[in-house]
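In what follows, a single structure is set out as structure tokens and then discussed.
Each ligand, and each atom within it, is numbered from 1 in the order the structure gives. Note that these values count all heavy atoms, side chains included, but never hydrogens, waters or copies made by symmetry.
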Amino acid sequence: MKSVLSEIHYHSEEAAYAYVESRIWLDGPVCPHCGAAKEHVGRLNGKTTRVGLYKCYGCRQPFNVKIGTVFEKSHVPMRHWLQTMYLMSASKKGISTRQIQRTFKCSMKTAWFLTHRVREAMRDLHMDEAGPLGGANKVVESDETFVGGKAANRKGKIPPKAPVLSLVERDGRVRSFHVLNVTAQTLRPIITANVDRASYLMTDESPVYWSIGRQFAGHGAVNHSAEEYVRAYFWHTNTAENYFSIFKRGIYGCYFHVSEAHLHRYTAEFDFRYNNRIALGVDDVERTDRVIRGVVGKRLTYETTRGSQSGEPPF
Ligand SMILES: [Zn+2]
């Protein structure tokens, strides 16, 4: 028996850097300052040199794999980043910031930064390249849920529930959006940008879908209150409802306090795990590797993590 967590890159800083470098620099190290590569860059191996440090012979500047990624300016050891990424990738319902704080014996502030930066690495920046959901002979379910506003979890004022729209391809991918409200005007541009017009759109009976539905090859409206429809083989939105059930168990089980300013990060986290699930052939290790590859181009500063719309402390 060999535990995944006994892998050397979860324990040795050198191995952790090598692991990350091999997944980000597929063709060897590249200088982030001037783009030099191959024989124009070299590893610094002095006794007092920090792990993972390189020097560029072109622009003469030092660099490491963290520059321009969510790791930038973080003092957290790389092996602990990898452990956090594994835990968050492997836990279907997510892992609370408090749990990370206890496991790593760090401050809540550090735990909060770690988890939010990992969520950022999970965020899909390539939706345009991946193309819209659905297509000919495919069903895409559109459904909404409302998050937050639970009195028991709050001191003082209860904030309004925040609507989340999820578009779920049957046997496929999901894309979720924190929306301002559930009106045709708000939903239409999101749905038309993310669902192929050749798809069959399955929604609830809400009038907001009446005109949006006409833009698709077909539109089915399910009456949530009529059980015979819900049970029907084709006319249902069970895929979206199942997705929301994981999302809500995660949100209410792990994250008592999801402020609206950060909701998009949680939807990114749950979408990521769903889109990289075992049924699609992605195991926990591969899912973690995909998070590591997702760190690039997502440098996150304190201010942007905290969310300027929210006057609340980060935890
Ligand atoms: Zn350079």
Q: Give a yes-or-no answer on whether the side chains of Ser3 and Ser6 include a donor-acceptor pair shorter than 3.5 Å.
A: no
Q. In degrees, rounded to 10 degrees, what angle do Cys34 atom SG and Cys31 atom SG make at the Zn ion (ligand 1)?
A. 110°
Q | Parallel, tilted or perpendicular: ring planes of Phe247 versus Tyr243, cut at 30 and 60 degrees | A | parallel
Q) Can you say whether the rings of Tyr209 and His219 are parallel (under 30°), tilted (30 to 60°) or perpendicular (over 60°)? A) tilted
**Q.** His40 near the Zn ion (ligand 1) via N/O/S, less than 2.8 Å
**A.** no
Q. Between the Zn ion (ligand 1) and His33, is there an N, O or S atom separated by less than 2.8 Å?
A. no
(Q) What verdict does the side-chain contact (heavy atoms from CB on, under 4.5 Å) test give for Val76 and Phe113, after you've listed the backbone C-alpha separation in whole Å, the side-chain angles of each residue and the deciding distance to 0.1 Å? (A) CA-CA 10 Å; Val76 173; Phe113 283 136; over 6 Å; no
